[in-house]
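Protein chains get the first letters and strands the later ones, always in sequence-line order, with residue 1 at the start of each.
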Amino acid sequence: MTFLLFAEQLLNGLQFGIMLFLMAAGLTLVFGVMGLINLAHGSLYMIGAFAAATVAGLTGSFLLALAASLAAAAVAGAVIEMTVIRRLYKRDHLDQVLATFALILILSEGTRWVFGSFPLYLDVPSYLSGPVTLPGGIQYPLYRLTIIVAGLIVAAGLFALIARTRIGIQIRAGEADREMIAALGVDISKLYTLVFALGAALAGLAGAMVGAIQSVQVGMGEPVLILAFVVIVIGGIGSIKGALVGSLLVGVTDTMGGVLLPRMFGLFMDASAATTVGASLSSMLIYILMAAVLIVRPSGLYGSA
Amino acid sequence: MARETYINAALTLALVLVPLWAWSTGQAYILTLCTKVAILALAGVGLNIALGLGGLVSFGHAAFFGIGGYAMGILASHAQIMDPIAEWPFLIEGTKSMPVIWLVAMLASAFAALLIGALSLRTSGVYFIMITLAFGQMLYYFTIGWPAYGGEDGLSIYVRNSFPGLNTLVPAQFLILAYVILGLALLFSARLARAPFGLALTAARQNADRVETVGITPFKLRLVAFVISGAITGLAGALFADLNRFISPTMFSWHTSGEIMIFVILGGVGRLYGPVAGAALFILLEHLLGGISDYWLIYVGALLLGVVLFARGGLIGTLAGREVAHG
């Protein structure tokens with residue numbers, strides 16, 4: 001295996017991990033602040049992608065499409081929070097799982113109803129297409145590189161928001177003691193709507209950016225949602241830092257496993273058997289990683305308690 | 001309690017009368033639908049032991065449903081082409097005999113439940129939900145990437161497996177078989193709930209610390225409950241595969257886990273007949289709404305949302321009033 005291929009796959013893993021982080025950050029924030037498990041987070045990812053594809057189709061502008069994905073997912077998130085999610089904060093996790101599963105059914109079938117079953121396509125804009133040459137002679141698609149950089153900027157912005165701003169202080173206080181900050185005069189229900197909409201907007205953005213690489217279709221959010229769950233179980237539920245570390249671990253493990261394992265088995269097996277065994281094993285690799293983390297640290301790498 | 005008993009009796013009566021009517025008027029399709037209700041209810045009875053009695057919110061029961069299905073598929077497909085499953089270290093032949101398939105399906109899913117449970121039960125709450133979900137998905141992706149038994153396309157079994165003395169290809173006979181198994185499972189689950197084990201499990205759900213103080217380890221109770229639960233759901237998977245004569249990775253998908261959970265919730269958590277009522281309602285909705293609109297799952301979603309937000313006891317709970325299930 002050459003260094004170039006290795007570096008390229010490492011970057012792919014990084015890009016995948018960054019996208020997972022945008023999903024996992026919202027999930028873990030919502031859980032940390034409101035104590036809510038939200039299965040419908042994948043639907044917000046889908047809504048972002050559909051909004052972007054629609055706006056890109058109408059206007060031809062990729063930047064407008066990204067803005068639309070943020071806005072559509074944030075609005076959808078705020079509406080869902082105010083109509084349904086708000087009633088679930090005091091319920092047990094089973095009720096939360098069921099109600100948000102019901103939301104998935106409604107949102108997925110509703111989207112299928114409006115847009116049909118055929119996938120939509122979102123094109124990479126011409127100024128971001130084509131490869132760039134990185135130091136070391138690595139040829140890498142400019143669009144994927146842009147995703148990595150954009151994702152890192154969003155991640156940095158999120159950390160700054162939580163560590164440095166007034167809203168961030170309220171969010172952290174809400175995690176620690178929600179009654180106390182309500183008593184101190186913070187409008188807690190507004191804060192919850194805001195946090196939910198923020199998480200939704202991040203998921204929508206991820207959906208739009210990935211939508212340009214893959215196709216935009218109903219159900220696209222579900223595999224990503226489950227990976228995001230794996231990420232926050234590994235990182236520790238409620239921890240943004242854990243979500244970042246978990247995302248990168250899962251992204252890189254999944255991508256590198258898919259490339260390396262078949263080659264490893266190829267050393268002592270014939271080629272077709274090695275591809276088969278390697279492919280099935282590599283699809284299980286991140287779950288094995290999760291199991292391993294759980295054996296050592298049942299509450300995740302950065303989890304409390 | 002009295003009203004719940006009446007409801008259960010009415011439900012049983014309906015599940016007997018509808019097939020009798022369908023049989024007398026020669027509507028094989030309705031018989032198959034009733035068989036499907038019984039098999040899916042059986043999967044729900046399995047989950048209800050973990051969820052209702054043990055309070056273990058497993059979102060990965062599709063794993064056991066799928067393992068049961070693949071146990072059937074693997075054994076029957078090898079028998080179909082007369083090719084042994086393994087020749088070394090000793091000869092393992094495929095089989096078309098239902099009792100053997102059921103036994104293998106239950107053992108395999110019990111073993112999987114032991115492994116998944118031992119890892120997942122180290123955690124609780126949201127972690128448990130997500131981890132069971134993740135293990136279910138792991139098996140889903142594994143079967144998709146495993147070409148030996150059809151991979152993503154699944155695998156057809158041409159002739160339904162056999163049961164001594166019955167012709168299982170006759171819808172009415174297969175229906176009776178499914179009903180008997182469901183009846184036995186309900187009986188078992190009712191006995192289990194009243195046995196010392198079931199009482200201790202219920203107590204561990206309500207207050208784990210107190211149970212620990214009297215010298216019982218909640219972890220062991222829960223693990224055993226999880227294994228029993230997985231084995232019953234696995235049996236349902238084997239029957240479901242036989243009903244369709246087809247297995248595919250969809251059996252492992254998280255939608256399957258969600259649907260099994262919906263049967264339990266629509267009917268009423270922790271109630272003996274809850275899964276039966278829920279599965280019957282679900283299939284009825286699929287049948288009625290599926291004819292009206294391609295997007296019938298929207299209505300199921302809306303109904304489920306309504307039940308969770310406003311009618312917390314499910315169908316039986318709403319009809320039977322404010323009685324607490326399982327004391």
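Looking only at heavy-atom pairs under 4.5 Å with chain A, the residue among B:Trp296, B:Trp254, B:Phe135 that has the most is B:Trp254. Your options are A:Leu227, A:Asp95, A:Ile104, and the one with the most heavy-atom pairs under 4.5 Å with chain B is A:Asp95. Comparing B:Leu119, B:Leu309, B:Val300 by how many heavy-atom pairs each has under 4.5 Å with chain A, the most go to B:Leu309. Taking chain A as the reference chain and counting heavy-atom pairs below 4.5 Å, the highest number among B:Ile131, B:Val126, B:Leu297 is found for B:Val126. Ranking B:Ile129, B:Val307, B:Asp294 against chain A, the residue ahead of the rest is B:Ile129, based on heavy-atom pairs under 4.5 Å. Chosen from A:Thr100, A:Ile226, A:Leu105, the residue pairing most often with chain B at heavy-atom distances under 4.5 Å is A:Ile226.
Among the candidates A:Ile237, A:Val97, A:Leu39, the single residue satisfying the side chain to side chain contact (heavy atoms under 4.5 Å, CB included) test with B:Met130 is A:Ile237.
Of the atoms belonging to B:Leu305, heavy atoms from both backbone and side chain fall under 4.5 Å from chain A. Heavy atoms closer than 4.5 Å to chain A are found nowhere in B:Leu139, neither backbone nor side chain. Of the atoms belonging to A:Val230, it is side-chain heavy atoms, and not backbone ones, that fall under 4.5 Å from chain B. Only the side chain of B:Phe59 comes within less than 4.5 Å of a heavy atom of chain A; its backbone N, CA, C and O stay farther away. Contacts between A:Leu36 and chain B at a heavy-atom distance below 4.5 Å are absent for every atom of the residue. Only the side chain of A:Met290 comes within less than 4.5 Å of a heavy atom in chain B; its backbone stays farther off. A:Leu98 touches chain B through backbone and side chain together, each having a heavy atom under 4.5 Å away. Only the side chain of A:Leu88 comes within contact range of chain B, with at least one heavy atom under 4.5 Å from a heavy atom of that chain.
Atom CZ of A:Phe118 has 12 or fewer heavy atoms from other residues, nucleotides or ligands within 6.0 Å. Counting non-hydrogen atoms of neighbouring residues, nucleotides and ligands closer than 6.0 angstrom, the CZ atom of B:Arg210 reaches no more than 12 such neighbours.
Ring centroids of B:Phe142 and B:Phe252 are separated by 6.0 Å or more, keeping the two rings apart. Taking the six-membered ring for Trp and the full ring otherwise, the centers of A:Phe115 and A:Phe50 sit less than 6.0 Å from each other.
Within the 4.5 Å cutoff, no side-chain heavy atoms of B:Glu212 are placed close to those of B:Phe219. Side-chain atoms of A:Val231 and A:Thr28, non-hydrogen and from C-beta on, never get closer than 4.5 Å to each other.
With no hydrogens or angles considered, no side-chain donor-acceptor pair links B:Tyr127 and A:His93 at under 3.5 Å. No hydrogens or angles considered: a donor-acceptor pair under 3.5 Å links the side chains of A:Glu81 and A:Thr193.
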